[in-house]
Each structure stands twice: as structure tokens, then as C-alpha cells.
Peer 1: 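Below you will find the structure I want to go over with you.
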4 protein chains.
Amino acid sequence: MFNIALFGVGRIGQVHAVNIASHPETCVYSVIDPYVEGAQKLATKYNAVIQTVDEALTDPNVHAVCICSATDTHANLIELAAQHGKVIFCEKPIDLDLSRVRDCLAAVNKYQVPMVVGFNRRFDPQFRAVKDQLNAGVVGQAESLMIISRDPTPPPAEYSKVSGGMFRDMTIHDLDMARFIIGENPVSITAQGSCMVDPAIGEAGDIDTSVLVMNFPSGAMATIHNSRRSGYGYDQRIELHGSKGLLKASNMKENLVEHWGETGCVAAKPQHFFLERYQAAYVAEWQHFVDVLNGQTPNCTGADGEYALMLADAAIESMKTGKTVML
Amino acid sequence: MFNIALFGVGRIGQVHAVNIASHPETCVYSVIDPYVEGAQKLATKYNAVIQTVDEALTDPNVHAVCICSATDTHANLIELAAQHGKVIFCEKPIDLDLSRVRDCLAAVNKYQVPMVVGFNRRFDPQFRAVKDQLNAGVVGQAESLMIISRDPTPPPAEYSKVSGGMFRDMTIHDLDMARFIIGENPVSITAQGSCMVDPAIGEAGDIDTSVLVMNFPSGAMATIHNSRRSGYGYDQRIELHGSKGLLKASNMKENLVEHWGETGCVAAKPQHFFLERYQAAYVAEWQHFVDVLNGQTPNCTGADGEYALMLADAAIESMKTGKTVML
Amino acid sequence: MFNIALFGVGRIGQVHAVNIASHPETCVYSVIDPYVEGAQKLATKYNAVIQTVDEALTDPNVHAVCICSATDTHANLIELAAQHGKVIFCEKPIDLDLSRVRDCLAAVNKYQVPMVVGFNRRFDPQFRAVKDQLNAGVVGQAESLMIISRDPTPPPAEYSKVSGGMFRDMTIHDLDMARFIIGENPVSITAQGSCMVDPAIGEAGDIDTSVLVMNFPSGAMATIHNSRRSGYGYDQRIELHGSKGLLKASNMKENLVEHWGETGCVAAKPQHFFLERYQAAYVAEWQHFVDVLNGQTPNCTGADGEYALMLADAAIESMKTGKTVML
Amino acid sequence: MFNIALFGVGRIGQVHAVNIASHPETCVYSVIDPYVEGAQKLATKYNAVIQTVDEALTDPNVHAVCICSATDTHANLIELAAQHGKVIFCEKPIDLDLSRVRDCLAAVNKYQVPMVVGFNRRFDPQFRAVKDQLNAGVVGQAESLMIISRDPTPPPAEYSKVSGGMFRDMTIHDLDMARFIIGENPVSITAQGSCMVDPAIGEAGDIDTSVLVMNFPSGAMATIHNSRRSGYGYDQRIELHGSKGLLKASNMKENLVEHWGETGCVAAKPQHFFLERYQAAYVAEWQHFVDVLNGQTPNCTGADGEYALMLADAAIESMKTGKTVML
């Protein structure tokens, strides 16, 4: 049984808490959060202790940390955990600043601690099936990838500042997915964005609608289609066109019941948001982390986090300059 | 070019007129209908002459007749046409009375005139694809067939008397389809019906909702699910379960556009009724009749019409007695 | 925290063990099974003790029993548990013999112990959505229900004897579902069956393919379409036609990825069998049992189990006599 | 009845011939093609005369011309027809050279002759339904349009020269569709292309795979995804994301039959190519031309043809320079 110290008891921390507790090889050993009431509640539920950061990192019973705290604490906690030899699971992003990410990863490397970064979608069974079928040669060589990713409703405009903007916060998942599916690093990126959803987002200097085009060494191309507001739930789809055909991963709907009536054939909407849509992905992601605890090599690393952030920065540059950015 | 004498200028007569005129080997030569105004309109449109029954049948330029007049005129017209050596296309049914049908077919046989009976669904490309795939062995041996057939809206209650009731008017298509798909004649039939849609239909002695079960010599079973009112257009589906899998023919929708919005994912309804749904079937049916004019053997004959009526009568008996009728 | 004594560590016992352990209000307290090795394995996994039947039923720490042992032990265990005041969850069926079921239920009644019978499909979110939408008036009055239920592959022929035959073992779920959806008790049942899948099943006196028709007081009808072998996974579908439209619950597929290629558009098969298809149903079913432990009235009772068995017996009689059985 | 002079008896000329002959208000009056045998065959079929270009244009019985001849004859024939006051239907493109197009349109303008240019997809009932629903406000303001357009198999490499390259030949339809759906003229275009399908196409200086991004004054964006080879039939889809939801026009498949078997659920491929996919569009297009003959204003004009070619040229420039082209 691996004892996990859980940093952060917000929405995503609670998701991981359930999976940690359900997994036969892990338990929520301790909870760390300045928000005392929330920490207490979670600790009670999982029979865990409440610790300070120092207590958790110096506690020899703690085997690993699960970092779900505020974004601006990630890099520090990673460095501290690495220093104390704890295996690290960290929610993305490592940091919003690329040079800070690089310093942090240098520290991790120095202490040789395994780290998994939480790009949850890599573990989604639907997208994994696309990747597996591509690898199995079902559609031949990848030629054209289309990633459609739309949130159900936009965040408050002020969130743009905390989050680093849409490309660093939201598109970063899709940038990583493009690399993951194609299996290459892009040679160039071209980004276009506009503010169509909420003028306040534009006033805050951010965008809410965008199209990105990536070119890969093999000649393959990928497009990413983002919006902060779908109007119909969480739109998470992938289409991969290859030399022998197409692979399509459709949305998961709230249920499979259709109503046929006077106004048409009505099916349920896509599942509401990431907590529903990626439930199975979070379970598979945690399973991978347990495999890493058992000695397996991480397949979603700090370097992947760094790469995705670098692409997000390049996309911002492309959008600002109106030019393709060569990588 | 084959000259066709068209009997009846109602809804179905007009459907055939278009197909006769569009086909490179046939033309609407003459129109016969006591409703003068309608006959005149069609004659003008297709550059055809107006004839009486006698004129049409004795005109040596008429190669074939297309009988789309009122049901109670079919048998007489068939006999007259046979007598005059005209090749016959007749809309179903030949007659609502089984013994009258048998007499009529005896006349046709005597004069050795080819006749095609208009079970339009046999020519539908969707159902034909099911039949073809079954014949090609795609699902192995047929085990269980499900025919779902629902009209969009019920006819007026008084129509029940003219039409011979739901089994003879509507279900008869499905009874023929079951024989066509399975490729065997059933050994028994069990019918259940109720009046759920319009009490006036019940008062007129008819039903509007029914389930039929047919058993075939091979052990295969078929069910027919009918309603006089769907609430969502014309519901015309077939599912064939065989020893190696399932074949499903779904409804054709008004269009292929989906709207995803707050209330769900809305697709178009099934096409409204038989004129839309079976447009391609009517074209294929007429092509078959032209093939017959060119010497091919009819594959949907008077005997098929007789058999389907016999099954409808057996279904009525089963419903009334509450027993399975052995055939 | 409610302590559960788990009787039976087979396939279905293991499903319940996971759900008992995952639920925040229940734990696997003890395991009872004559198969020592299996019991030991499960006990170790869940930190549970191994008990005999007597020990479990007399242990004041045991709040409830979860009966997943062999079918022929159910009735006895239910009676013993009722006698000792334990709240009862029992997998279906209570017994294969209707009079034995009635005696058993009398005992339960006498001791006033709440009991839930495991008709898992009643708790399936898909079918529940159909029921909820019907209750909400989305399709008006229920007119015609179609239940399609096909196992992926047939059981060994010898299983027919242990199981009580297809109607008592497999169709019983669909009989219960028809009552559950329509919300009425049927007035008659007509059954047809044949042996199309495996001749050995026929030699053992059972069938493997069947169609049932049920009539309800409101005039509504239901058909049940069963096969012991689908050829394409577990086929579990419901269609409810009402006065205002249709509700369709489709199969859950292994994944949502489609491959479009030369031979067509290929989607994944339906999920393999009940463990996959009804995973969410088992979780919801256990949640209901916890609600019962907390005082709620059971909504899937011994009487429901008795009723479904009575219908299965009537179906057998109908098939043997070739007549509709009035209830 | 309008007499039509048909120029060109190739594949597309034959499509129009059927529609001209089927329409109650038009007939194939004469056929003009240097390929004598083909012209003779069509003339016989439709009871038409064979004419030279001069004969057709000076024949007072000819009301309109349908230009389906080789691309490099279009502009000359248009000018001649305009000079002789014939109403003009011309297959796209008017010419591959933008200045030649402009000269030609000036001539048409001078003679005030109505002209319809054959962007067949504008008349497709599926895409028209998207446009109609957008206009009806179903999805609010247009934000993001995705046009997926893939041919089943690539043309021979040498075709690149005759056709003006992929952007001018194939993408031009999608460029027009983007303007048609969004209802605005784009402010910029960014194009990326590569040669993934056939190296010979690359050697001929053309591409076979591309992604285009267009920006519109309202902030809306459109992407066009092209490939010369799908591997699964003709891929013709549109997705329009608006402020209130999404509209999706899916592919039309060869049939609606699904086969569920061991390897999955197999549906038919998309229809093979434009002759099948746009059959209904060609009929609707011809209906529009008849409406123009009856005095209606053309809704797909020479100016639309010019605009689309200008966009194709801009896309070529963008691809070559690696920069967004401002319009």
C-alpha cells in the first residue's frame, strides 16, 4: 500500500482522492491545504491525517505526493518533493512561465525522482483507442488530425490572468494531444484567435475562440478548434485522417436514450464537463501513476509539460504577429 | 418505347406517371379516370390522350396498363387487360376478397399475361440491401426478423371499411416483407391487436395497434409491430438477427443535419410518409416492370398478392379467436 | 458504516464486493463461501473476516447480508437472515420453484425484514432514463414496448437444468423490465420459442430463441425478443412507443471510436456481457440498498421476484400449449 | 418549354442532360460537342439535334445554353452566348485565370444576360438546411465553420496542370461554401498544404492535402480540410458552431443498413463521389436555373465564381509565402 500525501482539496483534488482511495494499492494518507475546513472534511472521509507541507515531505510514511493545489504553488512543491525523494504526481501545468518550468525540471532531474504530469486526456479510453488503432496500422500513415475542444461555458473574465490565457490554460491539453497522437514534434505552428463569447475576456487581453494549425516533419498537419463556450456541454472530439481511412472519437453523451417526436429525434447532450467526460481517464491516469510507483517509466512527463507550454507560447506569438512560428 | 395506359390519376397514379415519363423506355400514352379534371391535367402535362377503359384496352398502341384506380376496380381491370393481352402493373391489393383474387388470377393465368403487383417495399434499396446481405451469408441463417411499421397519422375511421381493416390494408405490406426477407412461407401466425390511437377506429370495428408473430419452417420467427400513428413521421425499419449477427435497416430522415444545443442533439425526423420514403423504391419497381416488358419474369406476382391477403385474413382470425392459426 | 456479510465469492459476488467497499457507508465485514481459497482471497483484499453461515447470522456486528451464493441456497439463506433480523440483498432468483418462493416470502414478511431483490436492470441509468421520461409525459401514454435481449454466447447445454431454462433464467429479467416500464401487471402472455443456436440445448429440453407478447390492462402491448447468442456482444435495447412518440435506449458500445475505411464505417461492438454493460446499474443498485439500510422502502422486492417467476412459468405454459395464457 | 443547347457531353454534361429532360419546363433541344459519337448518342436519347457552336447560338429556338465543355472553352462560350442574348448556365470555373474571368464577366454585364455559375453544393439540400437553420437563428451568430472535403481517390498527376491545381479546382467549392454559409466576405486567408497522397502530384508542382483558415469581419473563422484521397468515399461534411450551439451536416451513406457482427458494427461508406452525393443538388440547381429563365434573379453568379477564384489565388500565395494574405 502506497501512502499518498494529497496537496489541495479543491475540485480536482477531490477527484484524485476518490481514485486514490478506490485503488487497492494506494490510500489517502494525509491532506495538505491552507483551507482548513475543506482539508478537515476530506481527511475525515478518508481516515487521513492533516499535515503541513513540511510534515508531509519529511514524513517517511509518505511514498508519493499528489499535487492539486493552486497553479502558482506547483513548481515549488515539485522541487521540495523531489528534494525529499517523494514520487510526484502533479496536475498540469508545472508553471505558467517556461523558464520557471525548466528550472523546476532540472531539480527533478537532479534528484532522479519519477514524475507524472496530469495530462488526463492521454489516458482517456476513447483517445487511447484512436492512438492504439493508429499504431496498429488501421488507417495507415497519419495525414491530418482535427481536435475539437470546447468548454460548456466560459470562465469569468478575471480568470484569464490567473490561468495564463486560453492557450496556456485550455489549448495546452490539445497541443499535448496533437503530439501524443501524431507521435512527432511539430515544426511550425500558426494560430488565429478572436473574442466572440464574452467581450470582458477580450478586455482582459485574452481570446475565447481560436484555430491553430500545426505542421509535423512527416508532412502531417493538425488543427485545433477551441471555444470557451459550446452551448451544448463539453465538446471533446478527435478525427484522424490517414492514408487508409479515418478514425473518429465522438463525444460521450449524458445517456443513450433517444426521443423521437414531432420536432425530431432528440438525443442527450455531450456530458457536461471534464469531471464527467474524463472520469475513466482519471482512473486510468492514477493506475499509470501506481505503475510508476511500482517501477514503470512515466509516459507523461515533465518534459511533456514543458513542451506543451512551449507550444502554447509559440501559439501566442503566432497570433500576435500574424505569422507562422517555426519551432 | 412502351406506351402505358394509366388508370387512375390520384396520389399514387401521379407517382407512377412521373416514373413512367422519366424512364427512357416508357411514356404515359393515355390516361383513364372518371374524374375528368384530374385526367385532363395529367394528360396535358405528359402529352397523353384521354381514353375510356374500352378505348385503352382495345388500342393496339397500348403495350401495358398501370392500374392505380380505386381498389374495387382492380380485379375487373386486371381481367379485362389480361383478356386484351396487355402487360399488367397493378397497385396492391388485387382485391380485398380472397376468392375474388383467386378468380382474377385464374383469368390472368389463362391469358398468360405477365403481371407485376406493386408491393413497393420489395424494391426499396434499403430492404433490398438487407435481403442481398442475407443471401450473401453476411449474418448466416435467419433466426429472428423484426419489422417495425408505423404510419405518421391515422386515416379517418370510416376508411377502415373501404380498406378492409388495418391487417388487409397496412400490415399486408409487412406480411409480404416477412416472406420476402425470410424466403419461406410461414407455418403459423399469431396476432394481437388493440385500439389505442383513435376510439372511432375501434367503433368502426378495426384496430390501430398490433403485434404479429410468424413462425417459419426453419424455426425462424418474425414479428410485425404496427401502429396507425407514430408521432414522428413514417417509421419503417427492419432488423434481421441471424446466426452470425444482425442486419438493421434504419429510417431515412428528412435530412442529415443535427443541431446540438441546450436541450440535446436534435436530428431530423424520419421522412413523412410513403411518397417520400419509398421514392427510390417506386423508381426501382418501375424499372422492374420495364424489365418484365422486355421479357424478364416478374418477381412480385399475383400469387404474392394472394399470399399476403391470405396471411392478413389468418391474422384477423388469430386476433378474433385468441389462438395461433396454423397455415 | 454498515457491515455487510457477503455470501458467495463467484463472479457476481466479486462485483458486489467492489461496490460494497467503494461505497462510503458500507464495508465487506465478512465473507462466507464453502470454496475456502476464493473466500480467503476476497477476505484478504477487503480486510474482512471469514465466517460460517451461523457465525455471520448470529454476529451482532453484521447489519445486512448480500446473498450471491448458488441459486438453490437463496431461499434458505433469506429465511435464516430474516429470522436473525438482518436486512437482505439477494441476487435473483429467490428460487426456481414458485411455491418455495412464496413460502420464503411469507417468512420474510413474518419477520418484517426489508429485502431487495437484484433485478439489476431496473437500476440501469439508460433504462431508468426511459422510465423517467415516460413518467414525465415525454411520449404520452405507453402503447407498445419492445425489449431486445440477447446474450453474446450460449451457456453449456447442461446449464439449462440448473438454471430452470431460458425463460426462468434469462427472460425473467425482461419480464420484470416490462412490468417496470409499463407500470402495470399484464393480463395475458403468449410465448413462442425455438432452438436455433445449439441443438444440445434443445435435447436438454430447453430453447434458445424466443418471442413473447404481453398484453396490459391499458391496451398496451410488450414484446420480448431473446436469443442465447447474438454474435456481436450483449444486445440490450428497449424501445417504448407512446401516444406522442418513441423512446429508444440503445446498446452501450465498447468505445465511441469509428473507423471509416474501404469496407465501410466500423464502430465498436456492444459491450461484451452483463459485467461491463450493467456496471453502473450495479453501483446504483447498491446505492438503493444503502438507502434501504437507511430506512427507505425497497423498490425492487421479493414480490417483484415472485411476479417475474410467475410470468416465466406462464410463458412456459403458453409455449407448451400454443395458447395465450390469461393471468 | 425552354429549349436548351447543351455544350459538352462528358460526365457532367450527361448529368445535366437528365435533369434538363426530366424538368417539365426544359428540354434538350440541341447538343454541341466536337466528340461526334458522344454527341450523337445523347442527341438520339433525348430527341435532340446536333449543332455547331454557331448554329446553336444563332438559332432563335435556343433559349438558353448549358455549358459543360472543357474548362478552357467556358469563357469564350459565355461571351458568345451573352452576345447572342442566350441565358447562361455554366459549370465552374469560368476560367482559371482571374483577369480572363473579369473580362468575360464584363461582356456578360454589357449584354445584360442572366448567368448562373454551377457551384452545385450551394444547392445541396443538406448544406442548404444548415444555411436555413443559421438564418433562422437556431445557433445564434456564426463563430466557427469547419468544411471537410475529401475526394475518394486522387486524379492523375498530370491533371494538376489542366485543373489549375488543387486550390483552383477542388478547394474552390469549399471557398465558395464558406462565403455562402457565413454570408460575409473574408478579410484574410491562411493556407498550408503538403503532398501526402501521391509524390507525382508534388513533382507536378501541386499539393494533395491542405488546411485553410479564413477570417471574417464579424470575427468568425472558417477552416477547410482537403485531401485528394479519403480511402472511404466522398467525404463532404460541414460543422457550424454558433453562439447557441452547433449544426452538423454529415455524409450521405451508400445505404442505411448496418451489420453488427464479431468485428463490430459496420455501416455503409459515404457515397462514392459527386455524381451520387450531389444528385439532389444538381436537380435543385437546375430548378434554380429554370426559375432564372422565368425571371428570378440568379443567386449564384459570375461574381461568385470570380470571388472564389480570387480566394483560391490568395490561398496559393499564402501557401507559397507562409504568410496570411489580407484581402
Side-chain angles (χ1 to χ4, degrees), chain C residues 126 146-155 170 174 196-198 208-211 223-239 241 246 248-278, chain D residues 126 146-155 170 174 196-198 208-211 223-239 241 246 248-278:
Chain C
Q126 310 301 328
M146 203 182 294
I147 300 176
I148 296 158
S149 174
R150 298 187 180 112
D151 286 354
T153 44
M170 177 181 173
D174 307 304
M196 303 286 287
V197 176
D198 180 359
D208 50 34
T209 305
S210 67
V211 174
T223 54
I224 296 172
H225 305 254
N226 287 146
S227 171
R228 283 291 199 184
R229 178 259 298 115
S230 74
Y232 50 83
Y234 197 33
D235 196 354
Q236 297 285 293
R237 289 177 287 153
I238 282 187
E239 282 195 25
H241 180 239
L246 186 82
K248 278 182 66 164
S250 301
N251 280 318
M252 298 178 68
K253 295 183 170 176
E254 288 172 347
N255 62 56
L256 297 175
V257 177
E258 282 187 32
H259 168 226
W260 294 6
E262 261 180 36
T263 55
C265 298
V266 187
K269 275 187 303 187
Q271 291 179 326
H272 178 59
F273 209 2
F274 64 96
L275 296 181
E276 295 85 8
R277 170 64 182 84
Y278 289 118
Chain D
Q126 310 302 328
M146 202 181 294
I147 299 176
I148 297 158
S149 174
R150 297 185 180 114
D151 286 352
T153 44
M170 177 181 172
D174 307 303
M196 303 286 286
V197 175
D198 180 0
D208 50 34
T209 305
S210 68
V211 173
T223 55
I224 296 172
H225 305 254
N226 287 145
S227 171
R228 283 290 198 183
R229 179 261 297 117
S230 73
Y232 50 84
Y234 197 33
D235 197 354
Q236 296 286 292
R237 289 177 288 152
I238 282 187
E239 282 195 25
H241 180 238
L246 187 81
K248 279 182 67 164
S250 301
N251 281 317
M252 297 178 69
K253 295 184 171 175
E254 288 172 346
N255 62 58
L256 297 176
V257 177
E258 282 188 32
H259 168 226
W260 294 7
E262 260 180 37
T263 54
C265 298
V266 187
K269 278 187 302 186
Q271 291 179 326
H272 177 58
F273 208 3
F274 64 96
L275 296 182
E276 295 84 11
R277 170 65 181 83
Y278 289 118

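Convention: sequence-line order gives letters A, B, ...; per-chain numbering from 1.
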Peer 1: Under a 4.5 Å heavy-atom cutoff, which of D:Pro270, D:Cys265, D:Gly264 has the most pairs with chain C?
Peer 2: D:Cys265

Peer 1: At a heavy-atom separation under 4.5 Å, does C:Ala268 approach chain D through its side chain, its backbone, both, or neither?
Peer 2: backbone

Peer 1: Between chain D and chain C, which donor-acceptor pairs sit under 3.5 Å apart?
Peer 2:
{"residue": "C:Gly231", "atom": "O", "partner": "D:Glu262", "partner atom": "N", "Å": "3.3"}
{"residue": "C:Glu262", "atom": "N", "partner": "D:Gly231", "partner atom": "O", "Å": "3.3"}
{"residue": "C:Glu262", "atom": "O", "partner": "D:Lys269", "partner atom": "NZ", "Å": "3.3"}
{"residue": "C:Cys265", "atom": "N", "partner": "D:Ala267", "partner atom": "O", "Å": "2.8"}
{"residue": "C:Cys265", "atom": "O", "partner": "D:Ala267", "partner atom": "N", "Å": "2.8"}
{"residue": "C:Ala267", "atom": "N", "partner": "D:Cys265", "partner atom": "O", "Å": "2.8"}
{"residue": "C:Ala267", "atom": "O", "partner": "D:Cys265", "partner atom": "N", "Å": "2.8"}
{"residue": "C:Lys269", "atom": "NZ", "partner": "D:Glu262", "partner atom": "O", "Å": "3.3"}

